[in-house]
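Notes follow the structure.
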Amino acid sequence: MADTIIQQFPVGFGSYLAGILPPDVATAAGAFGVSVGQIKNITTVPVEKFAQVCMNLETIKGLNVNGTQVPTNLNLRNAARPLIALGSGPQQSYTMSDFFGCMSGLPYNGPLINIYNKLREVATTKLFNIYHETYLAVTYQRARMSITQTVYNVLIQPYIAPDPSAIPPIAGQPRIDDWYYTISFAVDVKGGGYGRGTAPPPLITIQPNNVGASATCTIGTNDNEIPGNFGRVNGLSANFGTPYKYATTSVMQASAPAAPTPPEEIIYIELPPPDNLPVQPNGNFSTAGTNVSLGYGKGTAGTIITGPAQWPGMNTPIQLYIDQANDEVDAILLAKPTQCKSLNDSWNDTGYQLNIEQRARVSALRPPLDDVREDFLSLFPTSQYTFTDSIPLYAKNIMPHMYAQTLEAICNLNTPGGQSIIAMMRESRNQNRLTEMGVTLDNNIKDTLTNLQQSILAGTPVVVGGQTVPTGTIPIATYDPTTNNTIIINPDYSTNNPADEGTTGFITSAESVPNTGSNIVPGTGNVSEAVDFGTASTPGSFSGSEYANITSPNLNIYNISNTLLSSTYTIAEAIDDVIRCNCDCWDLI
């Protein structure tokens, strides 16, 4: 034992070089080896290749772009993002609904359904009647009639020329005609604002009405006909009377003389009510509405009688209704604050998404404008995206007066943008050098969602404005990010709801829960069953299938059920189809 020598193994960087190289050199070599060893595939790279590439690598000399833990300049990123990240998707990326939302209805169905439901909850008869009367006041317009007078003659006595030479002599006789006229009329302009304050349809008056004509009209009272006949003259019942003889002529000629000028007939139709006519405190319409007589008149000889002026006289009643509506809305806000907030939120959601869609069509799909000066301009932000994606290509062209040299000459080294462009070109050239020796890099930032993010998005029913978007889907399951499980929420697809027992409802009592483990939550009123993809259930276990859950989130049938039309049979439907198929097969035997 006296001759036993206990040798301590050296530890630390370069320990395996102990006794081969001086200690300080061995430590430096070891540290360098550990550092370089972190490079992918470095062990397969010949040292000659490695030496050549290292010698040619570029640095950030002259560029103040180092010293941060993020791969970009945050100030530039924060300034640029509001200009280009204008969508409604993850990280404000564009979705198809940002371009075709009005066509599909997907981003608007939820808010609009909530708006419809909440309007029914908060609406009052008084507010409805205020808007009813406001529309009539705003659309105030005179109705106008057109009238036509037709003149004709009736021969009473023909003309006989005198002939003194005849035996006996003929004294002759004059031509005598009776002159008559008739009238016809029609509604020329239907007007608007009739019926406000429960006013009756306007009266139609004809003066002097020698023919004994008469007319009545009807007005539209159905406020569902907007735009349409609501508040307008929509029907005419006319009696044109009988011909009126207004003159007799006697002339010594064979042909009829020029028609005598008939008396002018003028037809009037009353104007809509011009008074204030506020809605009553109990919410009922005012009953004081009266039309203005005689109203607008038009004569057969071209006479026009306009009646009182429409504007600005109607401004006062309109403002009164606006004030009444504001007061009623304030009362509703106090009485139903929760419903009103939900209603306002849905209006905001609708307007926000409409703004995104209108802006997306201009910014992302905008064609050249009619102005010829626009024809040669690149579209924003497409040109920015294209330029950034092309920098790695530009960086490799270092010929005189070409891309790389020109960009370096243009870039302002006093700004982060200029420094970043030059640094990006150097990085791109370094990446090409490393690739040539077989080293792959991890410096590309993915522009796709992770599987976890896809599962959360696709595995959750689409909700906009607090409302599940009705797309005709039949959701089967939802994704739970806290447990990383897909949870069946539709009892018709649950194995804990046996179809052969005819059960299609939710499990609601602890007694009805089969002894199948912890997949069922007793007494919750719904099915809570995690989908088994064959993975290990015990932490640290090496059991489970190596092919567990190989289907990507965009192909997962449970995720698809939340966004697309149902394409999967329920358990009961599948059993029925199998039975039906077997029966059909037996019929063919």
Side-chain angles (χ1 to χ4, degrees), residues 86-132 134-135 223-227 283 322 324-361 453 456-481 487 489-492 506 524-527 558-566:
L86 304 175
S88 62
Q91 304 297 325
Q92 286 69 57
S93 59
Y94 283 120
T95 68
M96 290 300 291
S97 286
D98 294 337
F99 300 100
F100 305 108
C102 287
M103 296 175 65
S104 68
L106 292 176
Y108 305 108
N109 288 342
L112 291 178
I113 288 175
N114 187 55
I115 288 170
Y116 177 78
N117 292 334
K118 290 300 184 290
L119 281 176
R120 297 185 66 179
E121 292 179 23
V122 304
T124 63
T125 300
K126 184 175 183 180
L127 185 62
F128 178 87
N129 289 344
I130 291 171
Y131 288 147
H132 179 284
T134 302
Y135 180 84
D223 51 27
N224 289 322
E225 297 182 351
I226 297 176
I322 292 174
Q324 278 197 305
N326 289 338
D327 292 341
E328 185 65 12
V329 168
D330 288 341
I332 293 173
L333 283 170
L334 290 175
K336 300 178 179 180
T338 302
Q339 295 92 325
C340 290
K341 183 181 184 303
S342 176
L343 179 62
N344 288 333
D345 289 344
S346 292
W347 279 121
N348 290 337
D349 292 337
T350 302
Y352 178 76
Q353 183 61 34
L354 277 173
N355 181 63
I356 289 178
E357 185 168 349
Q358 290 174 334
R359 184 175 57 200
R361 289 175 178 270
Q453 292 171 323
I456 294 175
L457 286 174
T460 305
V462 180
V463 177
V464 180
Q467 296 290 313
T468 301
V469 176
T471 59
T473 61
I474 304 176
I476 299 176
T478 185
Y479 182 78
D480 183 4
I487 308 298
I489 59 173
N490 190 322
D492 293 337
F506 291 141
T524 59
N526 59 22
V527 173
Y558 300 106
N559 294 340
I560 288 176
S561 70
N562 288 295
T563 56
L564 303 182
L565 297 177
S566 176

Q: Let me see the working for Tyr135 and Ile226 under side chain to side chain contact (heavy atoms under 4.5 Å, CB included), right down to the final yes or no.
A: CA-CA 9 Å; Tyr135 180 84; Ile226 297 176; 3.6 Å; yes
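- Under the side-chain contact (heavy atoms from CB on, under 4.5 Å) criterion, Pro337 pairs with no residue at all, not counting sequence neighbours.
- Residues passing the side chain to side chain donor-acceptor pair (under 3.5 Å) test with Gln339, sequence neighbours excluded: none.
- In this structure, Asp327 has no side-chain contact (heavy atoms from CB on, under 4.5 Å) partners at least two apart in sequence or on a different chain.
- Here Ser104 pairs with Ser97, Leu106, Pro107 under the side-chain contact (heavy atoms from CB on, under 4.5 Å) rule; sequence neighbours left out.
- In plain terms, the two heavy atoms of Leu86 and Arg359 that are nearest each other are O-NH2, 3.2 Å.
- Between Asn114 and Leu343 there is no side-chain heavy-atom pair separated by less than 4.5 Å.
- Every residue meeting the side-chain contact (heavy atoms from CB on, under 4.5 Å) condition with Ser88, not counting sequence neighbours, appears here in chain and number order: Thr95, Asp98, Gln353, Ile356.
- Asn109 places a side-chain N or O within donor-acceptor distance of the main-chain N or O of Gly105, the cut-off being under 3.5 Å.
- Rounding to the nearest 0.5 Å gives a distance of 5.5 Å between OG of Ser346 and CD1 of Ile115.
- Between the side chains of Tyr108 and Glu357, at least one donor N or O sits under 3.5 Å from an acceptor N or O.
- Within the 3.5 Å criterion, the main-chain N or O of Asn344 finds a donor-acceptor partner in the side chain of Asn348.
- Listed by chain and number, the residues in a ring-ring contact (aromatic ring centres under 6.0 Å, His included) with Tyr131 amount to none (sequence neighbours excluded).
- Between Tyr94 and Gly87, the shortest heavy-atom contact is CD2-CA, 3.8 Å.
- Proximity of a side-chain donor or acceptor of Lys118 to a complementary backbone N or O of Ser342 within less than 3.5 Å is not detected.
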